[in-house]
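When reading the values below, keep in mind they use all heavy atoms of this one structure, side chains included, and skip hydrogens, waters and symmetry mates. Residue numbering restarts at 1 for every chain, and letters A, B, ... go by the order of the sequence lines.
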Amino acid sequence: MKIDNGKISASQFMFAVACFIQASTLLTAFFISVTKQDSWIVSIFGFLIGMIFLWIYTALMKNFPNKNLVEINDLVFGPVIGKIFSFIYIYFFLTLSALNLKDMGDFVGIAIMPDTPTIVILVSFMCICAWAVRGGIEIVTRYSLFFTFTTSFIIIVTFFLAFNDIDFNNFLPIFNQPFMKYLQGTHIISTIPFGEIVVFLMVTPNIEIPKNKIGKYFTLGFAIGGISLILIILRDIAVLGNVITLFTFPSFETLRMIRLSSTLGRMEVLFAVILITLMFFKISFLYYVSVLVISQIFKLNSHKNIVIGVGIIIIIYSTNLYYSMIQHMEHGSNITPFQWLIYEFLLPLITLTVAKIRKISSSEEGN
Amino acid sequence: MNKYNRRIYLIIILIINFILTGCWDNNELDTISIVTGLGIDAAENDDEIDLTLQVSKIKGTTGYEKGAVGQGSSFFVMEATDSGILSGIDKLEKQIPRSIFLHHNQVIIFGKEQAKKGIKKYMDVFIREHQMRMETWVLISDSTAKDILTATMEQEENSAIGLSKMIYSESRDYEVLSTKLIDLTSKMMEKTTSPVIPIVTVNSENGNSEAEISGLAILKEDKYIGELDLERVRGYSWIMGNCREIPFNIKTEHGYADTSISNIKLKNKPKFGADGPFISIDFKGDVSIREIQGFEDMKTNEIFAILQRSCVEQLKKEILDCFNYSKNLNADIYGFGTEFYRKYPKNFEKLREYWDEIYPELDMEIDINLEITDTGKVLNSLYMEEKTDENR
Amino acid sequence: MVFRYISRKIVSAQNRNKVNHDAILENGGLAISKNLEENLDFIKSAIGESQDLKIHEFAFGEHNQFSGALVYIDGLVNTIQITESILKPIVSNRKKYKSLEELTISEIRRSILCSGSVTESNLFSQILDGCLSGSTVMLLDGFSKGLIINTEMWEKRDVTEPQTETVIRGPREGFTENLRTNTTLLRRRIKSPKLRMDHMTIGHKTATNVCIAYIEGVARPEIIELLRTRLDSIDVDAVLDSGYIEEYIEESPFSIFSTVGYSEKPDVIASKILEGRIAIISDGSPFVLTVPMLFIESFQTAEDYYVRAFYASITRLMRIFCFFIAVFVVPIFIALSTYHQELIPTTLLFTVATAREGTPFPALFEALVLVISFEILREAGLRLPRAVGQAMSIVGALIVGDAAVSAGLVGAPMVIVVAITAVAGFIIPSQTDSISMLRIIMMILAAFLGGFGIAIGFLGMLVQLATMTSFGVPYFGAVMFSRDQQDSFIRMPLWIMEKRPKNIVYKDKQRKEVIIPPVKSDENVKQKGQDNFDE
Amino acid sequence: MLYVIIIFLIISFIDLPNLIKKDSKKELIVVCSILCFGFILSSLYALGIDLPSPLVGIENFLKNILKLGYKDQ
C-alpha cells in the first residue's frame, strides 16, 4: 500500500544521497574539536566504516526491493514488535530533523542575522519545506543534481581561492594524540554525517532502478558525499591550522577568510545562502521521511494531511532540544554517537540477521 | 479550486504573517557608522584601556549641494576608556545617533605601553565577536594608537585604509611585515613561539602626516620585549621564507654592488644533534646583479666569484645577527619550537617546559649557495676589461 | 475566509444548470417549411433587419415557374462566385423542368451547381450557422430542404512579420487572424500525412472555429484526450482570442508561471508539433497555443536552432542569466544595503552610503517607487502609437530617474540597479509578466528578512516550479539528469539530438537515424570510400 | 499566545473540512491528534515553559547507567 507513488530516477537517487551527506558540512565542529589536526584521517576512517553501514542498508534494500523500512519491520518482526521498531524510527527521524533544523537556525542566526529571533527563521524555513514535502518525493529530490553540482563547484572554488592562506605544515604533528581520541572521532563522523543515510531505506519503493543495480548507485552517491566532506575538512585544517578548535562553525570561518581581490573579500553571506539551499534539501528530506513513517504506521491513505502538524512539532522540538550550545557540543561529541549507533547500526543489523534467519524476503513473495 | 491549491494558500499565509513581523536586523545605510580602524592604548589605571575608533564621515552628496565628496579628512575619531572593548563600544554608541558597524574594520592597533602591559587579555573579543574578522591587520604603534588613527593621510580618505593598502603592497615583498589576526591568534596558541607584530610610526610634518612601517615588535607571553629594525627584519625574513625578491647591496674592498635575491628555496629542518637540538638551514637563491661600482679592470668571472662569496658571507652574517638578537631576548620569533613539535612530537613534550632554557643555546648550521643568474642587459660593464678572445 | 468565499462562488458558477441555451438553439430544432415566404420571414425574424443581410429572390425553370431565394450576409461572401457558380447555371439551365416532381434538391446540388462544398440541411440552426459564417443559403419554394453553399471570402490581413518575435535569422512569416491561412502555413511546413487537424467550435455567441494540430504517433494520446475534454468543457459565450482558451485549459491558474506556450511564428509552432506537442489554432487570433509547455521553453527562441550550436547555447545561457538578473538584482541590492553591509567592498560602501545619505525613504520603499514608475513608463510606451511610444518610455525613464536623484529622493545606485533589471526583464518576452511579479515578491522578502529572505524566496520559486505540471508533464524537469538536458540550458548540435524530448513524446521517439558527426573534409570521406567531391 | 491560537484556527479551518467530508475516521483521528499535540507544544513554547527534551533524557540515561560516553578531558 504505497502512500506516495512518486517515481525518482536512479541518478536522482544517487545525487540525493550525495547531497544529503554534503549538507552536513556544518556539523564538522563536533569531531574537529576532538581530533584537532588529524581530523582528515579520522574522516577517512569514518568514511570506510560508513561503507559498512552502507553494505547493511543495500543488503536490506536488495532483500526487500519494494518495501520501505516500516513494511520491512512488520514483515520481519511481525506486527507488534515491528510497530515498536517503527516507533523508535519515528523518534529518530524526528530528532534528526529537529537537530538539523536547530543547526540551520543557529548557523543563520550567527552568520547572517544576529538579532532575529530564531523562531522566525525556523518557521519561514519550515513553511517552504512543508510546501516541498507536500509535493511528495519527486519534488523533494528533483533538485538533488542541481544542489550537488553547486556544492561541489563551491568546494573546489573555495579550495583554490583559499590557496594563499593554506599552509601545509598545519597538518604536521600527525598521530600524536591518544588512540581514544581517534576512536571517538571516527565514531562521531561515521554516525553523524555518514550514518544518517539510513533514512533512504524509507524511499526504496519509489526508486525506479533494477534491484541489482541499487547498490552501485547508493555507493556512488555515498562516495561523492564522502569525498566532498573529506575535501572540506582538509581545506579547513589547512587554512585554520591550530586555531580550528576555537570555532563552532570552522568551515564558515575559512569562507570568511577568502578574499577574491584586495577589495572584494568578506564573501561569507554568499556561502551562507548556498548552505541554506543545501540544508533545505536535507531538512525537507528528513521531514518527508518522518511524515512518511507516521503515515505508513497509521496506514493513512495520503501523507499530505499531517505535513503541517508534524512540521509544527519539529519546530517546537528543535527550539528546546538543548538548553545551550555548550550542552549541544558536549553531548554531540560524547554521547550522541552511541545513541545514533543504536538506530543506524544495531536495529538494521538485527532486522537483516533476523530476515536472513527466517529467510523472509519480499522478492520471493513477489508482491 | 481543488483542495491542493487551498493548501498552498494556507502555507503562503503562514509565511506572510511571519515575514511581515520581520526586519529586526534591518539597519539602513544612514543609520550605521562604519568603523575603519580600532586602537587600544593603556589607560591610567591598569585594568582599563583607552579605546579609539576611527569612523568614516559620510557626507550626503545628493540634495542641496552637489560637490565632490567632502575634501580634507572624511573621518572622525571617537574615544572611550573602559575595562573591556565591547563595553567601551557600547559607551560610544550612546554618544552618537548611529550604531557602530565593525565589519569593515581594516586594522587593529595596539599602543606601545599597552603592548608592554600585555594584549592577550583583549584578544578574546576579536575571536568571539561576530563582527570582528579574522583577516584584519594587527599593528603596534610606535607611540599611541590614537596618533596613528588621528593622522590625516595625503592621498587616502583615512589613515586606516591607507595603512591597510600599504601593508598589502608591503607584504608582497616582505611577507613577514604583515600579521593578520588569525596569524597572531595561532602564534599565541603555540606556547613556545612569540608572535611578531609590525610597528607603525607616524611622522607628521606640515599638517599632513605619513605613516610607515618601521620594524617588527617582538612579544613574549604577549608582552612587548623588543623590536627588530628594518635591517634585522631582512635577516628575519630570509629564514621565514615566502619572500619573493629582496634587494641586497654588498660592499667589498674592490667595489660596491647592488643585487637582488629571488626565487628562494629554503629548508629549515630542526634536528637533534650530538650536543642538543639545532636547526639546519639550507638556502638556495638566485642573485641578479643590478648595479656595479668599482671592480676596476677585473675579469667578469672573477667579479662574479667575489660577488658570490661576499653575498654568502653577508647573508650568513645577517641571519646570525638577527638570530643572536632573538636569542639574547630569549624570544623564539621563528617558531622553531613548533617546528620541533611538528617533527618530533613525542620527545618534544619533555622539552616544552624547558624551551626557555633551550632556545638561547640553540645553534644554527647554515649552508647557502647562490648562483648569479641575471646581470641585466649587459654581460660586462665599463669597468671590466674588454672581453678579448683569450679570457672568454 | 476570503478564499473559501471565492471558491464557493466559482463552484456555484460552474454547475449552474447548463440549460439556458441561446435563443437560436431552442427553436433550431424547427424544420424548414415548404412555403418559401414563411422561411424567409422566419430568417428575417431570427437575424433581424440587419443591413448586411441580403435576400436575392430569383425565378428559374423553363417558364420561370419555380421561385427560390438566396440568403447571405454581404461582405462575408464572394458575390462573384455567387453569380457565377450558383445563379447563372440555375437560371440558364437548358433542361426543362415541368413540374416540381422532376426537380429534386440533390439533383440541383449535383448537376446544376458547380461550386465545391455544398451541403443540404432541413434544420434552421444549420441554415443560420452557415449563413452567418460566410456561406450562401438557397431555399426553393416547395422544397423542405435548403442548400448551404460555401462561398467564404473576406478581407484578410496578408502574412507579415510578427511584431513580438522579431528574428535576425530564420523565416519571417507570422500567423494571421484567418484560421485557414494559419493551417495552410502549418501544412506547408509539415507535409507528412500524419499531421492531424481536428476541428471544434467553442463559444455560443462567437462560435469560433478552433483547430487542434498534432502529429499522430508523436503526440501522446492521453494528452490529446485531456486537451479535448478540457476544450469541450469550455462552455462560454465568446472566445475572441486564444488568450481566452489559454485561461480555461491551463492547469495551475493561480501560479505565477504560465503553463501554456504561445507563439506567432509558424516555424516555431511546427518545431513544437514535431517535438510532440499539440497546437491549438483559434480563428481570429494570430497567437497559436502549444500544450504542454515546459518552463525551459520560455528561454528557447526560434533563432536558437538556426544559428550555430555554440553561439546558440551561449545566448541561451545569457538569457537564463538575464532572468536571474531581472528577478534577483534589486532584492540583492536592498538586502546588501540594509542587512549585509559587510559584503560590499569598503570603498564602494562609502560611495553607496554617500548616495543614500540624503534620501529620506527606506530602501524597500525607494525600490518599489522606482520599479513601479518604470513599469508605468513601459506600459505607457506600449499604449501610445508606435513612434511616440518608443521615445516616451526611454526618455521618460531617463528624465524621471535623473530628476529623482538630483532632488535627493532616490540614491543614484538604486536607479542604475532598477534600470538594469527593467531592461533585463525584456529579454525573455514570454516571462515578462512572471518576472515583474516575482521581483516585487523578492523585494518584499529581502526588505524584511535580508539575505535569508532571498534564499527563502528562491527556494519557494524552485518548489513552486517543481510542483507545477503542464498537462501531466513536469513543468521544470530541465534540472533532472535525462536526455532532455541536450536542449535545455545549452543546445547541443543538431546532429547529436537524435531523440525527441523524453517525457513529452509518445512512441515515435527517433528524430533521425543515428549520430553522424558532420563529414570532415578529408579523412571521413576516404574512410568510407565514398566518391569524394572532386571525382 | 493569542497568535498561536489564531494560527491553529486558520490551519484547522482550512484543513479539516475536506477531511471531514472524506470521513475516513482513522485518518481524521491521526491528523487531529498530531495537530492537537502540535498545538499543546507551541502554546507551551509561547508561554515560555521549557519542556525537557527526550534526546537529553536518553543521553543522560546512556551516560550514567550504561557508562557509554567518552571521557571529556
Side-chain angles (χ1 to χ4, degrees), chain A residues 36-37 109-117 119-135 164-165 167 169-177 239-248 253-254 256-259 261-263 265-266 268-269 302 304-305 307-308 311-312, chain B residues 3-4 7-8 10-27 99 103-104 106 124 127-136 161 164-165 167-169 171-172 175 180-190 242 335 338-346 348-349:
Chain A
K36 300 177 185 53
Q37 64 274 10
I110 289 173
I112 304 181
M113 302 199 284
D115 319 340
T116 335
I119 191 71
V120 171
I121 299 172
L122 297 185
V123 169
S124 47
F125 193 81
M126 275 312 264
C127 284
I128 302 288
C129 292
W131 191 359
V133 166
R134 190 182 294 283
N164 49 18
D165 298 331
D167 157 17
N169 41 34
N170 279 343
F171 297 101
L172 265 189
I174 302 180
F175 281 124
N176 79 332
Q177 285 167 359
V239 170
L240 292 176
N242 55 13
V243 176
I244 202 165
T245 52
L246 298 177
F247 301 112
T248 47
E253 280 309 314
T254 29
R256 282 174 80 139
M257 296 277 294
I258 282 167
R259 174 180 288 275
S261 71
S262 70
T263 53
R266 289 181 287 274
E268 83 271 15
V269 176
S302 123
K304 293 194 185 342
N305 311 341
V307 165
I308 294 217
I312 290 167
Chain B
K3 64 178 177 22
Y4 187 69
R7 289 277 169 61
I8 290 183
L10 170 69
I11 289 183
I12 289 179
I13 293 169
L14 280 177
I15 298 178
I16 285 172
N17 57 38
F18 257 94
I19 284 173
L20 288 187
T21 60
C23 71
W24 281 276
D25 268 79
N26 180 352
N27 30 38
S99 67
H103 271 284
H104 280 276
Q106 306 285 329
D124 174 76
I127 302 162
R128 195 176 299 280
E129 164 57 25
H130 159 63
Q131 289 195 4
M132 295 284 185
R133 309 195 65 76
M134 290 307 273
E135 70 267 17
T136 39
I161 292 180
S164 87
K165 280 192 181 137
I167 296 170
Y168 194 75
S169 61
S171 71
R172 279 248 169 65
E175 185 70 26
K180 288 187 184 145
L181 192 59
I182 191 160
D183 310 335
L184 187 62
T185 31
S186 85
K187 284 215 176 75
M188 276 197 173
M189 286 174 71
E190 296 154 3
N242 55 43
T338 33
E339 293 297 330
F340 272 103
Y341 170 63
R342 283 193 173 139
K343 279 285 181 319
Y344 315 97
K346 291 295 170 297
F348 184 75
E349 286 311 325

Point-to-point distance, once rounded to the nearest 0.5 Å, from CG of B:Asp183 to CG of A:Asp167: 9.5 Å
Scanning both residues in full, the closest heavy-atom pair of A:Val243 with B:Met189 reads CA-SD, 3.8 Å
So which part of A:Phe247 gets closer than 4.5 Å to some heavy atom of chain B, the side chain, the backbone, both or neither? side chain
At their closest point, which heavy atom of B:His130 faces which heavy atom of A:Arg256, and how far apart are they? O-NH2, 2.8 Å
Picking from A:Asp165, A:Thr248, A:Asp115, which has the most non-hydrogen pairs under 4.5 angstrom with chain B? A:Asp115
Counting only heavy atoms closer than 4.5 Å, note whether A:Ser302 contacts chain B via side chain, backbone, both or neither. neither
Euclidean distance, B:Thr185 OG1 relative to A:Leu246 CG, rounded to 0.5 Å: 7.0 Å
If you apply the rule side chain to side chain contact (heavy atoms under 4.5 Å, CB included), what do you find for B:Arg342 with A:Asn170, and how did you get there? CA-CA 9 Å; B:Arg342 283 193 173 139; A:Asn170 279 343; 3.6 Å; yes
Counting only heavy atoms closer than 4.5 Å, note whether B:Lys180 contacts chain A via side chain, backbone, both or neither. side chain
